[in-house]
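Below is one structure, written out as structure tokens, with a few remarks after it.
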Amino acid sequence: MSFRRSRPQASSKKPLDTLSFGLMAGLIVASILLVVLGDHATAKVQKFSWQERTVGADNPAFVMTFSRPMDTQSVEANLQITPHLPGRVSWAGRRMAYTLDVPVPYGESYSVQIPEARDRFSEGTENGEFETFEGTFQSRDRAMIYIGTTADQTGRLVMVNFSQGGESVLLTPPGLTVLDFEPYPLGDRVLFSAVQQAEQTDGVLAPALYTVATGLTPNPPELSVTAEAAFLSQQPDEVGVITPVLESEQYQNLAFDLSPDGKLIVVQRVSTTDPADFGPWIVPEAAAPYPLETEPGGEFLIGPDSQSLLLLQGQGTAVIPLASDAENAGAVAPLDFLPEFGRVFDISHDGSSAAMVDFNQNDPERRFTETLVVVTNQGEETEILNATGSILAAEFDPTDRILYVLASELLPREAYQEQPYVTAINLETQESVNLLTLPPQSRVSMDISPDGLAALVEVALMTPDDVTTATEVEQTLLLPLFETTDQRLLAIPTQTAPQILPSEGTLPTWLP
């Protein structure tokens with residue numbers, strides 16, 4: 001007896017195959033319907049980069065990401081920013097960027113609304129097609145710091161927050177005399193040099209470097225350039241918390257500068273036992289300091305890229321690369337040398353230009369004058385101002401379109417008396433506006449606010465008490481620079497009456 005294996009009939013199908021073919025057919029039909037009829041999910045703003053963030057002058061634009069491709073004209077027509085911030089719109093797929101024409105004014109709260117809009121595939125604006133969007137953000141507080149000179153403020157760092165009532169807050173303790181300072185990029189800390197009063201002997205100052213917390217809480221948007229620094233994103237300390245940075249036992253710490261990204265400090269140091277051991281040192285964040293092996297020099301300034309140093313050497317200014325760490329800090333050769341310029345006041349925010357002084361030592365006709373020159377990274381030189389007295393300071397505005405200059409002129413009828421003044425120069429038209437004339441022979445300083453709306457001007461003038469004695473009277477002036485938004489957009493400052501602030505101290509400086 002034999003057994004035969006039965007063959008399946010050719011027309012029979014497995015149940016799994018039938019199910020697969022059915023699912024494929026269903027997906028094809030659904031895809032066709034989706035293409036023909038469109039996805040009717042509600043269009044909305046998925047992400048707003050400034051939502052509930054605190055923005056500053058280093059945040060030029062916000063970005064909105066939509067859930068669907070949008071009809072760009074309908075979005076732009078319905079976009080509302082209150083208070084108004086002039087700007088321009090650009091698109092990249094479902095992302096819309098709004099770039100400000102001028103930096104956001106400090107000390108304000110803003111709302112952003114899109115009450116209605118339509119996506120690219122819709123024909124109308126019926127309810128349900130777009131989810132109304134409402135967002136909020138705020139700008140940083142308008143605040144300044146200075147070194148106090150009266151009563152219990154003497155020698156101490158003082159902060160005045162105009163956005164929080166304008167009361168004075170003492171940042172440093174008594175017994176610690178502050179000599180100089182510089183704020184960190186987000187304003188949450190201040191780097192300063194100071195000496196203990198008990199250690200001030202024989203007139204020799206041995207300042208150490210410290211940081212102090214301002215108590216301000218930075219909450220930068222994700223697109224902030226400075227927010228990528230890990231140490232800045234940490235929870236800030238309470239106001240007045242002091243952290244030592246650099247001791248002064250073996251070396252005397254002189255002038256210093258903080259890099260724009262807040263990651264390193266350059267400080268001029270001289271050995272307490274060997275005066276020939278003199279030169280700049282690099283102090284990285286959370287790392288040991290090390291010397292920069294280059295020729296000794298005078299005044300210096302860290303470039304906006306935080307990777308180069310402009311250092312006065314000999315009869316000119318050298319551009320020196322900054323090593324990333326101590327292992328790569330061997331002897332370095334200058335990247336460039338500018339022999340005609342003996343001082344660098346400021347570098348534009350985009351790094352393309354520098355405001356420098358030519359003392360005209362090689363020009364017999366102008367030897368007793370000083371010339372302010374803007375030098376580009378392409379080697380172009382433009383003379384901006386000639387002063388018969390001194391050029392004391394120069395600072396680019398946040399848009400790099402205006403150069404504010406603090407200079408002095410010799411009085412023609414007075415022997416060796418100089419009269420300081422503040423002027424604004426439009427770098428595109430070369431037109432200048434005299435903003436403020438100050439008393440002769442006064443000691444002055446100037447600082448432009450990060451949003452470019454006002455200047456702090458320090459004026460210290462000796463006034464006679466009687467025939468033989470005199471007292472130095474110090475005033476801090478708040479000088480508005482524009483009266484209208486159109487003036488800001490056109491980069492045309494206007495002369496306005498300054499306001500005398502009640503603060504008494506030296507080096508009034510805006511927090512970033």
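Values in this document were obtained by computation on a predicted structure and should not be read as measured data. The chain is numbered in sequence order, starting from 1.
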Roughly how far apart are [X] [atom1] and [Y] [atom2], rounded to 0.5 Å?
{"X": "L209", "Y": "D180", "atom1": "CG", "atom2": "CG", "result": "9.5 Å"}
{"X": "D261", "Y": "D305", "atom1": "CG", "atom2": "CG", "result": "9.0 Å"}
{"X": "Q138", "Y": "R53", "atom1": "CD", "atom2": "CZ", "result": "12.0 Å"}
{"X": "T423", "Y": "L435", "atom1": "OG1", "atom2": "CG", "result": "6.0 Å"}
{"X": "L322", "Y": "L292", "atom1": "CG", "atom2": "CG", "result": "6.5 Å"}
{"X": "T172", "Y": "L157", "atom1": "OG1", "atom2": "CG", "result": "4.5 Å"}

Heavy-atom neighbours of Q430 CD exceed 12 at 6.0 Å: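 For Q430, atom CD is crowded (more than 12 foreign heavy atoms under 6.0 Å).
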Exceeds 12 heavy-atom contacts within 6.0 angstrom, atom CD of E295: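 12 or below, so no.
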Chi angles and distances behind the side chain to side chain contact (heavy atoms under 4.5 Å, CB included) call for L254, V270: CA-CA 8 Å; L254 305 177; V270 57; 4.3 Å; yes
Within the 4.5 Å heavy-atom criterion, are [X] and [Y] side-chain neighbours or not?
{"X": "R488", "Y": "D101", "value": "no"}
{"X": "T154", "Y": "T149", "value": "no"}
{"X": "T214", "Y": "V190", "value": "yes"}
{"X": "V433", "Y": "T494", "value": "no"}
{"X": "L186", "Y": "P512", "value": "no"}
{"X": "Y146", "Y": "D447", "value": "no"}
{"X": "L264", "Y": "V283", "value": "no"}
{"X": "P398", "Y": "P450", "value": "no"}

T496 vs L479, side chain to side chain contact (heavy atoms under 4.5 Å, CB included): CA-CA, chis, key distance, verdict: CA-CA 7 Å; T496 57; L479 179 65; 4.1 Å; yes
Any sub-3.5 Å donor-acceptor pair from [X]'s side-chain atoms to [Y]'s backbone N or O?
{"X": "S352", "Y": "T376", "answer": "no"}
{"X": "S248", "Y": "A206", "answer": "yes"}
{"X": "S442", "Y": "L461", "answer": "no"}
{"X": "S449", "Y": "A454", "answer": "yes"}
{"X": "S348", "Y": "S353", "answer": "yes"}
{"X": "D141", "Y": "A143", "answer": "no"}
{"X": "N426", "Y": "A491", "answer": "yes"}
{"X": "Y106", "Y": "A57", "answer": "yes"}
{"X": "Q495", "Y": "N434", "answer": "yes"}
{"X": "D400", "Y": "D350", "answer": "yes"}

Steps toward side chain to side chain contact (heavy atoms under 4.5 Å, CB included) verdict (L176, I242): CA-CA 11 Å; L176 192 63; I242 292 179; 4.2 Å; yes
Pairing of E108 and R142 as salt bridge, 4.0 angstrom limit: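 Judged by the 4.0 Å cut-off on N to carboxylate O distance, E108 and R142 do not form a salt bridge.
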Charged N-O contact under 4.0 Å between D58 and R140: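 Answer for the salt bridge query: yes.
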Can you give me the closest heavy-atom contact between [X] and [Y], atom names plus distance?
{"X": "Q153", "Y": "E504", "value": "OE1-O, 4.1 Å"}
{"X": "Q417", "Y": "Q441", "value": "CA-OE1, 3.1 Å"}
{"X": "T485", "Y": "P86", "value": "CG2-CG, 3.9 Å"}
{"X": "E182", "Y": "D257", "value": "OE1-OD1, 3.0 Å"}
{"X": "P289", "Y": "L246", "value": "CG-CD1, 3.7 Å"}
{"X": "M144", "Y": "S503", "value": "CE-OG, 3.4 Å"}

Residues N386 and T371: side-chain donor-acceptor under 3.5 angstrom: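 The criterion, which ignores hydrogens and geometry beyond distance, is satisfied for T371 and N386.
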T388 and E409 side chains, donor-acceptor separation under 3.5 Å: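 Checked: E409/T388 side chains pair up, N/O donor to acceptor below 3.5 Å.
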L171 vs V239, side chain to side chain contact (heavy atoms under 4.5 Å, CB included): CA-CA, chis, key distance, verdict: CA-CA 7 Å; L171 298 180; V239 59; 3.6 Å; yes
Residue pairs involving residues 416-440 (criterion salt bridge (charged side-chain N to carboxylate O under 4.0 Å, His left out); sequence neighbours excluded):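 For residues 416-440: R401-E428.
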Whether W50 and F62 hold their rings parallel, tilted or perpendicular, with breakpoints at 30° and 60°: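 If you compare the ring of W50 with that of F62, the planes turn out perpendicular.
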Positive for ring pair (Phe, Tyr, Trp, His ring centres under 6.0 Å) with F192, one of F256, Y210, Y184: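 Among F256, Y210, Y184, the one that satisfies the ring pair (Phe, Tyr, Trp, His ring centres under 6.0 Å) with F192 is Y210.
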Single hit among F300, Y290, Y251 for ring pair (Phe, Tyr, Trp, His ring centres under 6.0 Å) with W281: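 Looking at F300, Y290, Y251, the match for W281 under the ring pair (Phe, Tyr, Trp, His ring centres under 6.0 Å) is Y251.
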Worked check of side-chain hydrogen bond (donor to acceptor under 3.5 Å, both in side chains) between T484 and D486: CA-CA 5 Å; T484 66; D486 288 340; 5.3 Å; no
Among I448, L427, I347, I402, the one residue meeting side-chain contact (heavy atoms from CB on, under 4.5 Å) with F396: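 Only match with F396 under side-chain contact (heavy atoms from CB on, under 4.5 Å): L427.
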side-chain contact (heavy atoms from CB on, under 4.5 Å) partner of V357, chosen from I391, L385, V373: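 The option that passes is I391.
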